[in-house]
J.: 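Below is a structure I'd like to ask you about.
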Amino acid sequence: MYAYIIRRIGFGALTVVGVSILVFTIMRIMPGDPLTAIYGPDGMHKLSDAERLSLMVELGLTDPLVVQYFNWIVDILKGEFGRSFFRAESVGEMVMRRGPLTAQIAILSVILSWVIGIPVAIVSALRPNSLADNVVRFVSIVCLAVPGFWLGMLIVLALLFWFGYRAPLTGAALFENPLITFQMVIGPAIVLGLGQAAYIARMARSSLLEVIREDYVRTARAKGLSSRMVVRLHALPNALLPVITLSGILLGFVLAGSIPVERAFGTPGLGYAMFTAVNERDIFVMQNLVFLYSLVFVVLNIVVDITIAWLDPRIRYQ
Amino acid sequence: MTEPFAVPVLEAPALVPPSFLARLWKLMSNFARRSPISAFWGVVASSILIMALAAPWIAPYEPLQANFRTMSDPPNAQNLFGTDQIGRDTLSRTIHGSRTSLVVAIAAVVLGTTFGSIWGLASGFLGGRFDIISQRIIEFLQAFPDLILAMAIAMALGSGTTTVIIAIAVTRIPFGGRVIRSVVLSLKEMAFVEAARSLGASNLRIMAQHILPQCIAPYLILATTHLGVAIIIEASLGFLGVGIPPPTPTWGNMLSDALNAGLVPPWWLVLFPGMAITITVLAFNLFGDGIRDALDPRLRGSF
């Protein structure tokens with residue numbers, strides 16, 4: 001087990017290094033230099049060459065790329081994520097302030113996806129090709145086709161039209177007023193949760209169908225266990241393993257999906273910050289946020305893999 | 001298992017070609033009889049394609065023409081889907097939006113899947129150090145959530161159609177790479193490859209003549225199943241302001257415009273473009289499922 005954990009973390013660390021190089025490369029292939037992004041094309045012409053040069057030096061953009069890259073890594077290791085061109089707030093402060101909101105959305109949506117997806121999958125797998133099964137499958141296929149941000153916009157509009165209700169846009173601090181925070185978080189969480197639930201239901205259905213045909217399930221039934229007990233105690237635990245892995249992969253779907261969904265709801269989370277940064281072409285913020293998102297994604301997937309190995313000895317001993 | 005002499009049989013159909021149209025018709029009618037639901041969605045998908053091709057003739061108004069007499073009108077007899085803040089017809093814009101969406105999605109998926117597949121083919125076949133390095137790079141690419149990688153690339157390259165295509169294509173590379181590599185790894189051990197090698201065929205010849213044809217079915221499956229995702233990513237990029245810039249109508253930037261217009265967007269500006277995305281993605285996904293079942297029955301009913 002320990003050997004497996006160490007190997008998994010080792011590969012994870014390699015991936016993080018690779019990801020940081022990729023992010024840095026992508027952010028430096030920008031045509032036109034970052035100063036145009038900061039001052040606009042007009043502002044750019046008003047600057048003299050000397051001013052331009054001194055600004056570039058100040059931002060550290062004149063150093064060779066390798067030096068710039070290592071400076072960035074050292075900054076990250078020191079816990080400094082740089083600052084925005086346009087805001088007083090540093091990226092670190094921004095993450096601390098906005099991060100919890102997005103984290104809440106993510107956690108809530110994962111919980112929702114399991115609460116909706118698993119029971120639906122059980123109903124559908126126990127009677128394959130029944131009416132209920134077909135309805136479930138069709139609904140899950142539709143859920144996969146609906147863009148989350150559009151569903152979010154429709155929910156906001158519908159609540160406003162029929163109930164005159166708008167979720168609060170600016171929240172008190174996280175723990176000061178949980179009710180307000182909950183209202184801000186629940187909309188995006190439902191939208192993202194539904195999208196994931198569709199994937200989870202499909203995966204759980206097919207994996208249950210596979211497990212139910214196994215010998216040990218037949219043995220359990222032959223012993224005289226009720227079919228409810230067989231599903232709950234014998235089939236489900238094994239069928240859920242691939243679902244846990246899928247849930248880890250879907251975290252990427254939540255992290256990325258929260259960007260347009262937060263925009264649709266106007267939730268001031270990290271996703272909204274990403275939307276602002278990409279529109280202002282704020283490359284330093286973007287560079288750090290993209291790296292942070294991928295870091296979170298990689299780390300969570302390592303956690304998922306280790307959990308699976310802990311639950312399933314077959315993987316541990318491979 | 002496959003006989004070593006099966007190689008010439010692969011080329012046999014080319015010797016007596018029935019007319020192309022007849023073969024196509026037979027293929028399609030078989031498909032429709034086997035899976036009528038997929039065939040129905042195939043028809044929906046092709047009508048959306050035709051709508052996109054014929055957009056200038058179908059759309060009742062010019063998509064870019066503002067009309068200050070009909071600003072922010074709800075749906076009515078003249079403008080079936082209503083108009084936006086500067087009086088442009090939403091129906092015409094939605095129809096024209098299908099063009100950009102489909103062009104971008106198809107181009108991106110073809111580009112990304114082809115590149116990924118060739119890479120996967122080479123890395124699976126050649127193995128060794130090239131394979132190990134390729135696998136690591138693909139892993140790095142997969143460490144980014146799709147949309148975030150596409151956003152970063154689209155922002156870095158500046159806005160435009162080509163940029164969006166490249167951004168989405170890059171997110172499709174790992175899928176092609178992984179799937180085709182695993183197909184090639186199992187093909188490589190087959191007897192007909194060994195036979196070809198013993199006849200003195202070079203690596204390149206074996207890859208092109210013997211392995212490549214076997215990869216066409218998984219390639220088609222990959223390409224069709226990823227079209228829906230590509231359409232959603234394109235719409236999301238448009239919605240986030242890094243897609244194809246206005247005034248060119250795309251479903252994503254129409255939704256973004258609706259949100260920019262004011263605190264409360266008019267419902268018709270939100271409902272119709274989103275419905276267009278949903279129906280298109282639904283049609284391509286279900287049609288893709290049908291094609292997957294037809295080409296690879298082993299996968300039927302699985303995830």
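Remember, it's a predicted structure, so these values are computed and weren't measured experimentally. Throughout, a chain's letter reflects where its sequence line sits, starting with A, and its residues are numbered from 1.
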J.: Closest heavy-atom contact between Pro147(A) and Thr278(B)?
T.: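 Pro147(A) and Thr278(B) have their closest heavy atoms at CD-OG1, 3.6 Å.
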
J.: May I ask you to name which of Ile232(B), Ile231(B), Leu286(B), Leu271(B) has the most heavy-atom pairs under 4.5 Å with chain A?
T.: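 When all of Ile232(B), Ile231(B), Leu286(B), Leu271(B) are compared, Leu271(B) has the most.
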
J.: Only pairs of heavy atoms separated by less than 4.5 Å count here; which of Ser207(A), Gly257(A), Ala264(A) has the most with chain B?
T.: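 So the answer, after comparing Ser207(A), Gly257(A), Ala264(A), is Ala264(A).
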
J.: Counting only non-hydrogen atoms closer than 4.5 Å, does Ala158(A) touch chain B with its backbone (N, CA, C, O), its side chain (CB onward), both, or neither?
T.: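 For Ala158(A), no heavy atom lies under 4.5 Å from chain B.
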
J.: Would you say that more than 12 heavy atoms from the other residues, nucleotides or ligands in this model lie under 6.0 Å from the CD of Glu210(A), or not?
T.: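 Atom CD in Glu210(A) is not packed in, count stays at 12 or less.
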
J.: Could you tell me which non-hydrogen atom of Ala277(A) sits nearest to which non-hydrogen atom of Met155(B), and how far apart they are?
T.: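 So the minimum-distance heavy-atom pair works out to O-SD, 4.4 Å.
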
J.: Looking at CD1 of Ile26(A) and CG of Leu149(B), how far apart are the two atoms once the value is rounded to the nearest 0.5 Å?
T.: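 Spacing of CD1 (Ile26(A)) from CG (Leu149(B)) equals 5.0 Å.
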
J.: Tell me, for Ile259(A) versus chain B, whether the close heavy atoms (under 4.5 Å) come from the side chain, the backbone, both or neither.
T.: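 Both backbone and side chain.
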
J.: Leu14(A) versus chain B, heavy atoms under 4.5 Å apart: side chain, backbone, both or neither?
T.: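 Both backbone and side chain.
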
J.: Name the region of Val242(B), side chain, backbone, both or neither, that has any atom closer than 4.5 Å to a heavy atom of chain A.
T.: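 Interface part for Val242(B): side chain.
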
J.: Thr15(A) and Arg136(B): side-chain donor and acceptor closer than 3.5 Å?
T.: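 Their side chains do not contain a donor-acceptor pair, so the 3.5 Å distance test is not met.
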
J.: Heavy-atom pairs under 4.5 Å with chain B: which of Val17(A), Val290(A), Ile21(A), Val254(A) has the most?
T.: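 Looking at each option in turn, the highest pair count goes to Val290(A).
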
J.: Please check: side-chain N/O of Trp150(A) versus main-chain N/O of Val270(B), any donor-acceptor pairing under 3.5 Å?
T.: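 At least one qualifying donor-acceptor pair exists.
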
J.: I'd like to verify something: which residue of Leu147(B), Val281(B), Ile279(B), Ile148(B) has the highest number of heavy-atom pairs under 4.5 Å with chain A?
T.: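 The answer is Ile148(B).
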
J.: Distance from Leu22(A) atom CG to Ile137(B) atom CD1, nearest 0.5 Å?
T.: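 Leu22(A) atom CG to Ile137(B) atom CD1 measures 8.5 Å (nearest 0.5 Å).
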
J.: Rounded to the nearest 0.5 Å, how far apart are CE of Met153(A) and OG of Ser256(B)?
T.: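 Reported to 0.5 Å precision, the distance equals 8.0 Å.
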
J.: Considering only heavy atoms, which portion of Leu237(B) lies under 4.5 Å from any heavy atom of chain A: side chain, backbone, both, or neither?
T.: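 Neither part.
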
J.: Relative to chain A, which segment of Leu141(B) carries a heavy atom at a distance below 4.5 Å: side chain, backbone, both, or neither?
T.: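 Both parts, backbone and side chain.
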
J.: As an exercise, state the distance from CZ of Phe140(B) to OG of Ser294(A), rounded to the nearest 0.5 Å.
T.: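 It is 12.5 Å, given to the nearest 0.5 Å.
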
J.: Between Asn279(A) and Leu240(B), is there a donor-acceptor pair closer than 3.5 Å when you use the side chain of the first and the backbone of the second?
T.: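 Judged by distance alone, yes, a pair lies under 3.5 Å.
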
J.: For a 4.5 angstrom cut-off between non-hydrogen side-chain atoms, does Phe253(A) reach Pro145(B)?
T.: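 Phe253(A) vs Pro145(B): side chains apart.
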
J.: Distance check, rounded to the nearest 0.5 Å: Leu255(A) atom CG versus Phe144(B) atom CZ?
T.: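 Result: 13.0 Å between the selected atoms.
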
J.: Under 4.5 Å heavy-atom distance to chain A, tell me which part of Thr280(B) shows up: side chain, backbone, both or neither.
T.: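 Neither the backbone nor the side chain of Thr280(B) comes within 4.5 Å of chain A.
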
J.: Phe161(A) versus chain B, heavy atoms under 4.5 Å apart: side chain, backbone, both or neither?
T.: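 It is the side chain, since no backbone atom gets that close.
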
J.: Does OH belonging to Tyr69(A) count more than 12 external heavy atoms closer than 6.0 Å?
T.: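 Above 12, so yes.
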
